[in-house]
Amino acid sequence: MKAFESAPDLFAAIGNTPLIRLPKLSAAIERTILGKAEFLNPGGSVKDRAAKFIIEDAERRGALAAGSTIVEGTAGNTGIALAMLGNARGYRTIIVTPDDQSQEKFDLLHALGADVRIVPAVPYADPQNYYHVARGIAQSTLGGFWADQFNNPANAQGHYATTGPEIWKACDGEIDAFVASAGTGGTFGGVSSYLKERDARIRTVVADPLGSSLYCYVKDETLETTGDSIAEGIGIKRITENFRMAVADDAVRIDDATMVEMAHYLVHHEGLLLGGSAALNVAAAARIARTLPKGSTVVTVLCDGGGRYLSRLYDARWLAAHGLTPRSDDLTFL
Ligand code: PMP
């Protein structure tokens with residue numbers, strides 16, 4: 001369980017999140033689904049871990065020091081975490097983010113005092129993509145440090161050092177599968193490689209939204225994509241250094257309709273108001289669990305909370321406009 005003892009600083013309050021059993025879902029599918037409650041981190045998401053390890057590693061290497069400015073391209077959560085931790089350490093932050101992310105994440109970045117640069121959501125191949133823009137700003141800023149969450153190995157190493165061992169310990173090693181989506185691959189890369197080292201029999205499965213290449217990459221080593229998704233922070237069309245750490249046995253694709261149905265199921269039946277990637281992870285975990293013997297245990301990640309998607313995932317008009325109004329109040333969609 002999360003240790004609520006005192007923490008010497010904000011950095012020390014990151015991690016040690018509880019692994020929450022989802023009792024209704026587990027009973028319905030006769031397999032145990034456990035969710036790592038990353039929304040309980042101080043910045044409200046799994047990305048607090050990446051930000052913490054990237055900052056601490058850069059400080060050790062001397063790449064970050066008094067007067068530095070942290071620059072990052074991010075769908076939002078990494079920026080929120082970097083701005084929060086940057087403030088605690090006295091670093092400025094410049095956050096470059098695509099314009100198709102939720103308003104709530106922009107508002108949080110502004111509230112934290114980050115210098116927010118919103119750029120058009122264009123493909124990676126375009127030099128105006130937020131990733132390339134962030135790198136350019138870091139290079140042209142005096143004392144600029146580019147966090148580079150996609151390729152900075154401190155990201156996955158942080159999950160290898162903390163998230164993986166926390167899951168292993170909380171389950172006493174009784175894990176049949178680990179299922180999670182990837183945005184940078186830090187979480188999946190670090191946790192899957194740690195768990196596989198502990199017990200090679202644990203099935204490690206990538207959960208992928210439409211529009212991402214990871215499903216095809218794991219299945220047949222191509223970077224094919226199909227369709228699109230409203231999921232924020234997950235899905236990639238290239239193989240990042242952090243995803244290279246991953247050990248993936250399999251992949252499963254979850255469409256937006258299933259993700260939204262699961263998000264609303266989790267609110268109504270488990271009392272959990274979560275973001276889309278967390279709901280997609282739970283849907284994927286349940287689907288994989290059903291392929292395993294009854295009584296199996298599947299672990300997944302509850303990446304962030306639903307509060308930062310109220311205007312989308314939990315707004316009836318927005319859902320209707322996107323043809324995603326939930327249709328069932330049970331698990332028939334699964
Ligand atoms: N869910 C959300 C909401 C995220 O913001 C991210 C990070 N982009 C992820 C999941 C995926 O985490 P990772 O970067 O460790 O793959």
Side-chain angles (χ1 to χ4, degrees), residues 14-15 17 35-39 41 43-54 72-82 95-98 100-102 104-106 108-109 130-131 134 147-164 167 178-194 204 206-209 212-214 217 229-246 248 251 254 259 263 273-285 300-309 312-313:
I14 292 169
T17 53
K36 186 77 170 142
E38 292 302 290
F39 61 88
N41 280 309
S45 88
V46 67
K47 300 304 305 201
D48 282 15
R49 297 190 194 249
K52 168 182 166 164
F53 279 83
I54 287 172
E72 184 60 318
T74 151
N77 280 333
T78 305
I80 292 163
L82 288 170
I95 301 301
V96 186
T97 181
D100 59 351
Q101 303 300 299
S102 78
E104 290 88 333
K105 287 193 286 188
F106 298 138
L108 282 165
L109 286 166
Y130 67 98
Y131 177 84
D148 193 11
Q149 57 169 333
F150 291 95
N151 294 315
N152 184 336
N155 173 2
Q157 281 160 7
H159 288 284
Y160 180 89
T162 65
T163 325
I167 290 170
F178 172 72
V179 182
S181 52
T184 62
T187 309
F188 192 87
V191 175
S192 67
S193 55
Y194 178 84
T204 49
V206 175
D208 217 25
S212 172
S213 298
L214 296 178
Y217 183 74
S229 173
I230 60 147
E232 294 181 38
I234 55 170
I236 22 176
K237 293 188 173 77
R238 62 188 191 278
I239 301 307
T240 61
E241 286 308 313
N242 282 297
F243 192 80
R244 279 190 210 289
M245 257 183 88
I254 302 292
M259 173 179 77
L273 180 68
L274 300 172
S277 63
L280 183 141
N281 280 351
V282 173
T300 191
V301 182
L302 309 180
C303 319
D304 67 1
R308 37 195 75 172
Y309 308 97
R312 294 184 168 195
L313 211 47

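Keep in mind that this is a model prediction, so the values were computed, not measured. Remember, it's 1-based here, ligands and their atoms both numbered in the order they're listed.
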Under the side chain to side chain donor-acceptor pair (under 3.5 Å) test, which residues partner Asn281, sequence neighbours left out?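 So Asn281 forms a side chain to side chain donor-acceptor pair (under 3.5 Å) with Ser181.
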Any residue meeting side chain to side chain donor-acceptor pair (under 3.5 Å) with Asn151, in chain and number order, not counting sequence neighbours: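 Asn151: side chain to side chain donor-acceptor pair (under 3.5 Å) contacts with Tyr131.
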Could you tell me the separation between the SG atom of Cys303 and the NZ atom of Lys36, rounded to the nearest 0.5 Å?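 Those atoms lie 12.5 Å apart.
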What distance separates Tyr217 OH from Leu214 CG, expressed to the nearest 0.5 Å?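 One gets 9.0 Å once the value is rounded to the nearest 0.5 Å.
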Answer yes if the side chains of Gln149 and Thr184 hold a donor-acceptor pair under 3.5 Å, and no otherwise.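 The criterion, which ignores hydrogens and geometry beyond distance, is not satisfied for Thr184 and Gln149.
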Kindly tell me which protein residues have any non-hydrogen atom under 4.0 angstrom away from an atom of ligand 1, grouped by chain and ordered by number?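 Protein residues near ligand 1 are Lys47, Asn77, Ala182, Gly183, Thr184, Gly185, Gly186, Thr187, Glu232, Gly233, Ile234, Ser277, Cys303, Asp304, Tyr309.
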Could you work out, with side-chain contact (heavy atoms from CB on, under 4.5 Å) as the rule, every residue matching Ser102, not counting sequence neighbours?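 For Ser102 the side-chain contact (heavy atoms from CB on, under 4.5 Å) partners, ignoring immediate neighbours, are Glu104, Lys105, Glu232, Tyr309, Arg312.
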